[in-house]
Amino acid sequence: MNQREAAIRISHLREELDKHNHNYYVLNKPEIDDYTFDQMMAELIGLENEFPEFFDASSPTQRVGSDLNQEFKQVAHKYQMLSLSNTYTEEEVQDFDQRVRKLTDENFEYVCELKFDGISISLTYEDGLLIKAVTRGDGEKGDDVTANVKTIKSIPLRLKGDYPPEFEIRGEILLPFSVFEMLNAEREEIGEQPFANPRNAASGTLKLQNSSVVASRKLDAYLYHVLGDNLPDDGHFELLHHASLWGFKISEHTRKCRNLQEIFDFLREWNVKRKDLPVATDGVVIKINSTRLQKELGFTAKSPRWAIAYKFKAERVSTTLNSVSYQVGRTGAITPVANLEPVLLAGTVVKRATLHNADVIKNLDLHLGDLVFVEKGGEIIPKIISVDLSARHPMSEAVRFIERCPECNSQLIRQDGESAWYCPNETGCPTQLKGKLEHFISRKAMNIDGLGSETIELLFQNNLIHNVADLYELKPGDLINLERLGEKSATRILDSLESSKTVPFERVLFALGIRYVGETVAKKLARELKSIDMIESASLDELMSVDEIGGKIAESIINWFSDDQNKRLIGRLKDRHLNFELKSELKEGQTEKLKGLSIIISGTFEKFSRDDLKAFIELNGGKNVTSISAKTNYLVAGENIGPSKLEKAQKLKIPIISEDELLQLTD
Ligand code: IVH
């Protein structure tokens, strides 16, 4: 393909991919399947690589994020980002209406819209391109999170239609409930504290330093405020409609209201219907529609005079705190749980509420027997909001966080900067042991058929297993004699243990249950370091040079391998022939001379076509990467190398070599 043809094809693919992103993420109406989308994206990535002169920061390929760590620059807001004053009753909304009517004689309309409970963001567009995304910060200046925001598929990088040359649009970044639940399940699986609600999860995600991780988290965004000079309409409602035509995701539940009654109808309707929404909302925002009138009314020191928030009452009840119990997770993390006098809340009977960690107990100053107020936090997990101090018995006893493990009596420890207390007795605490066994046999790990938590409990009680290596030493006689286990189940379990010896290394690594080594981390480690011996002997720096592995994970791995009991465990599992290295058979001509090297190619070459050069790198064990990061080892530069790639490589001090120099590396 020549340069002209490539330019046409690239522009066509970008338009198509933008359109399908919009159909999928904004309109919820996909027109093509994922496979076709991925094929088009792969073709575009290939062409952009081959013709780097057509680099464009707003290309859909730029949404994948980068694994460069970023510091967030502070940027001043052009227009201050103020908050709204809150109201909680219809009377207060009526007061607001009267205040406004005292300030103006003209007839006006209101707009009611949902108040999304996420992180506010300000986006700046110039000539239809997203150029800046800034968090609210202190209202005057915020963090520049552009790289992370670019990964949010419902935010257009390039606008459609007839947009103003320069404007700002504000909205809310959210993590849908479904993604939040999945994310928390993954965090618990690797022994990380779950996020308390989707807002915290969204905020944590937006501030991640590595934008490729942000890209994997599926944030969403609703926009609700267009700002700028020379906007196409005076009405806020109308401007939002324009914004939807430019490609933004605008809530379809925004409604014009002519009077208080219509506002109250909206409030009552959405107080109920919001429970069916895929994202968290915590109220309704009532705004005057005319932006001219908005300007006339202006602002008080803290908030606009032309808008107000009506906050939904979180469903809240009071009940008695009977006791606090403590759960021990498989990694030893202790979670306190409040046992409550059963009470009906938002349609379900609540008996327990999570207390998360010791700080929560301390901040609430909980006493046994307290009358506590319980709310459904973020509509999901019930939590204690406050204590009715007036109802406290003077002799009541303060809740004191336990000092010893409720299961094995070990002294608990807390690491600097962490909120959770841990039972350090990883190899002796029965609950941790059983938790580790359950994790080991689970579907995503070794997937042992016929074994479940009840059988694990049975085997454990009968002293047949203490750790995962014991599983592989079980004999038919051990199992058949157990109550509830016949010959058939025994055979099934043993067969399944036998066939688990072919489970690939990355899953074995995950199954070991090392703190913070979840499925993805295990995969990355296995791919980069190839064997358990390499992982065991890797230094902190070597571990941290693996994609997505930071200091916390690396330290946890080093700690795990420094324990003799764990070393013995690996030894026993090796004797039983579990997979402890990545299986790879070298093909003809294959070498490992470029092993561990990430190489990017740019431009055109004399001896090789681009595809042949890529194949050559892979044949010699190298990794062919398509975007430059600090972890790239070489840039192989040909004729007409793309200026942006060259500049980036120079900035990151990545060695730039010719194709001949690459050949020398494999000599
Ligand atoms: S309008 C001048 N509309 O609520 C204020 N805000 O306390 C303009 N929010 O910081 C804000 N949904 O993060 C507006 N439909 C909506 C909103 C909304 C959520 C947030 C926003 C703001 C806070 C106000």
Side-chain angles (χ1 to χ4, degrees), residues 77-88 92-93 96 100 110-123 133-143 145 149 152 154-155 167-176 197-200 202-203 206-207 219-228 231 235-241 243-244 248-257 263 266-267 269-271 273-274 277-291 293-312 314 378-379:
H77 291 296
K78 184 168 174 192
Y79 312 91
Q80 228 191 350
M81 268 181 106
L82 292 169
S83 62
L84 297 165
S85 47
N86 288 332
T87 59
Y88 298 88
E92 287 176 281
V93 175
F96 162 71
V100 176
Y110 285 112
V111 177
C112 281
E113 49 195 68
L114 290 167
K115 184 169 187 301
F116 294 102
D117 192 12
I119 310 302
S120 41
I121 192 80
S122 143
L123 310 173
V134 185
T135 62
R136 175 163 152 189
D138 62 5
E140 304 278 347
K141 56 187 177 332
D143 281 335
V145 289
V149 164
I152 304 175
S154 48
I155 292 185
F167 69 98
E168 198 176 316
I169 187 161
R170 292 180 178 172
E172 208 80 354
I173 292 183
L174 302 143
L175 197 71
N197 54 44
R199 182 172 14 85
N200 289 5
S203 160
L206 200 61
K207 294 290 176 66
L219 290 166
D220 202 353
Y222 284 92
L223 285 309
Y224 48 64
H225 193 185
V226 188
L227 292 112
L231 297 176
H236 162 71
F237 186 86
E238 288 73 16
L239 284 173
L240 289 182
H241 177 66
S244 78
F248 293 103
K249 189 164 184 166
I250 307 293
S251 168
E252 48 187 336
H253 308 307
T254 295
R255 189 187 300 163
K256 272 191 181 177
C257 294
I263 294 178
F266 188 91
L267 301 182
E269 180 180 332
W270 282 99
N271 198 13
K273 289 215 293 209
R274 72 188 179 111
L277 292 170
V279 293
T281 49
D282 60 349
V284 170
V285 183
I286 304 152
K287 302 174 179 172
I288 285 173
N289 192 39
S290 158
T291 55
L293 186 53
Q294 287 182 4
K295 282 195 194 92
E296 273 176 42
L297 292 169
F299 294 83
T300 67
K302 282 203 307 224
S303 47
R305 289 199 185 87
W306 45 266
I308 199 152
Y310 167 86
K311 299 271 277 198
F312 294 131
E379 305 303 316

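Counting starts at 1 for both ligands and their atoms, following the listed order.
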Engineer: After noting the C-alpha distance and the side-chain angles of Ser251 and Glu113, does the key distance pass the side chain to side chain contact (heavy atoms under 4.5 Å, CB included) rule?
Structural biologist: CA-CA 8 Å; Ser251 168; Glu113 49 195 68; over 6 Å; no

Engineer: When only distance counts, is Val285 in polar contact with ligand 1, meaning an N/O pair under 3.5 Å?
Structural biologist: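 No: no nitrogen or oxygen of Val285 is under 3.5 Å from one in ligand 1.
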
Engineer: Under the ring-ring contact (aromatic ring centres under 6.0 Å, His included) rule, collect the residues that match up with His225, sequence neighbours excluded.
Structural biologist: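 Partners of His225 by the ring-ring contact (aromatic ring centres under 6.0 Å, His included) criterion, ordered by chain and then number, come out as Trp306.
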
Engineer: Answer whether the closest heavy-atom distance between the side chains of Thr135 and Lys207 falls below 4.5 Å.
Structural biologist: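 Yes, their side chains come closer than 4.5 Å.
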
Engineer: Leu231 and Thr291: side chain to side chain contact (heavy atoms under 4.5 Å, CB included), yes or no, with the steps?
Structural biologist: CA-CA 10 Å; Leu231 297 176; Thr291 55; over 6 Å; no

Engineer: Select the closest option to atom 7 (O) of ligand 1 among Leu84, Ile121, Leu114, judged by heavy-atom distance.
Structural biologist: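 Among Leu84, Ile121, Leu114, the closest heavy atom to atom 7 (O) of ligand 1 belongs to Leu84.
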
Engineer: Side chain or backbone, does Ser83 bring an N or O within less than 3.5 Å of an N or O on ligand 1?
Structural biologist: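 There is no such contact.
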
Engineer: Looking only at N/O atoms, are Trp306 and ligand 1 under 3.5 Å apart anywhere?
Structural biologist: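 No, there is no polar N/O contact under 3.5 Å.
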
Engineer: For atom 21 (C) of ligand 1, what's the nearest protein heavy-atom neighbour? Residue, atom name and distance, please.
Structural biologist: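 Sorting protein heavy atoms by distance from atom 21 (C) of ligand 1 puts Tyr224 OH, 3.0 Å first.
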
Engineer: Quick check: Leu82 and ligand 1, any N/O pair under 3.5 Å apart?
Structural biologist: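 Min N/O separation from ligand 1 is not below 3.5 Å for Leu82.
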
Engineer: Which of the listed options, Lys115, Met81, His225, Arg136, holds the heavy atom that is closest to atom 8 (C) of ligand 1?
Structural biologist: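 Selected option, by shortest heavy-atom distance: His225.
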
Engineer: Would you check the N or O atoms of Phe116, main chain and side chain alike, for any that come under 3.5 Å of an N or O of ligand 1?
Structural biologist: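 By distance alone, the answer is yes.
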
Engineer: If you define the side chain from C-beta out and look only at heavy atoms, does anything of Ile288 sit under 4.5 Å from Arg305?
Structural biologist: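 Sidechains of Arg305 and Ile288: no contact.
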
Engineer: Which protein non-hydrogen atom lies closest to atom 13 (O) of ligand 1, naming both residue and atom, and how far is it?
Structural biologist: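 Answer for atom 13 (O) of ligand 1: Glu172 OE1, 2.8 Å.
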
Engineer: Taking the side chain as C-beta and beyond, is there a heavy-atom pair between Gln80 and Phe299 under 4.5 Å?
Structural biologist: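 No; the side chains remain at least 4.5 Å from each other.
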
Engineer: What atoms of ligand 1 come within less than 4.0 Å of a heavy atom belonging to Glu113?
Structural biologist: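 Within the 4.0 Å cut-off of Glu113, ligand 1 contributes 3 (N), 15 (N), 16 (C).
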
Engineer: Do Leu297 and Gln294 come close enough that some side-chain heavy atom pair is under 4.5 Å?
Structural biologist: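 A side-chain contact is absent here, since even the closest heavy-atom pair is not under 4.5 Å.
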
Engineer: Please identify which atoms of ligand 1 are closer than 4.0 Å to at least one heavy atom of Lys287.
Structural biologist: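 The atoms of ligand 1 under 4.0 Å from a heavy atom of Lys287 are 1 (S), 3 (N), 14 (C).
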
Engineer: When you check the gap from the basic side-chain N to the acidic O, do Glu172 and Lys249 get nearer than 4.0 Å?
Structural biologist: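 A salt bridge is absent here (no side-chain N lies under 4.0 Å from a carboxylate O).
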
Engineer: Does the residue Arg170 have a heavy-atom contact with ligand 1, meaning some pair of atoms that are separated by less than 4.0 Å?
Structural biologist: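 Distance cut 4.0 Å: Arg170 fails for ligand 1.
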
Engineer: Would you indicate whether the side-chain heavy atoms of Lys273 and Trp270 approach each other to under 4.5 Å?
Structural biologist: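 Counting from C-beta outward, Trp270 and Lys273 do come under 4.5 Å.
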
Engineer: So is Thr281 close enough to ligand 1, meaning a heavy atom under 4.0 angstrom away?
Structural biologist: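 Not so, Thr281 does not reach ligand 1.
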
Engineer: Do Tyr224 and Val285 come close enough that some side-chain heavy atom pair is under 4.5 Å?
Structural biologist: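 Not in contact.
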
Engineer: May I ask whether Pro304 places a heavy atom under 4.0 Å from ligand 1?
Structural biologist: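 Checking ligand 1 against Pro304, which is what was asked, there is a heavy-atom contact under 4.0 Å.
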
Engineer: Side chain, backbone, both or neither: which part of Asn86 has a heavy atom under 4.0 Å from ligand 1?
Structural biologist: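 For Asn86, no heavy atom sits under 4.0 Å from ligand 1.
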
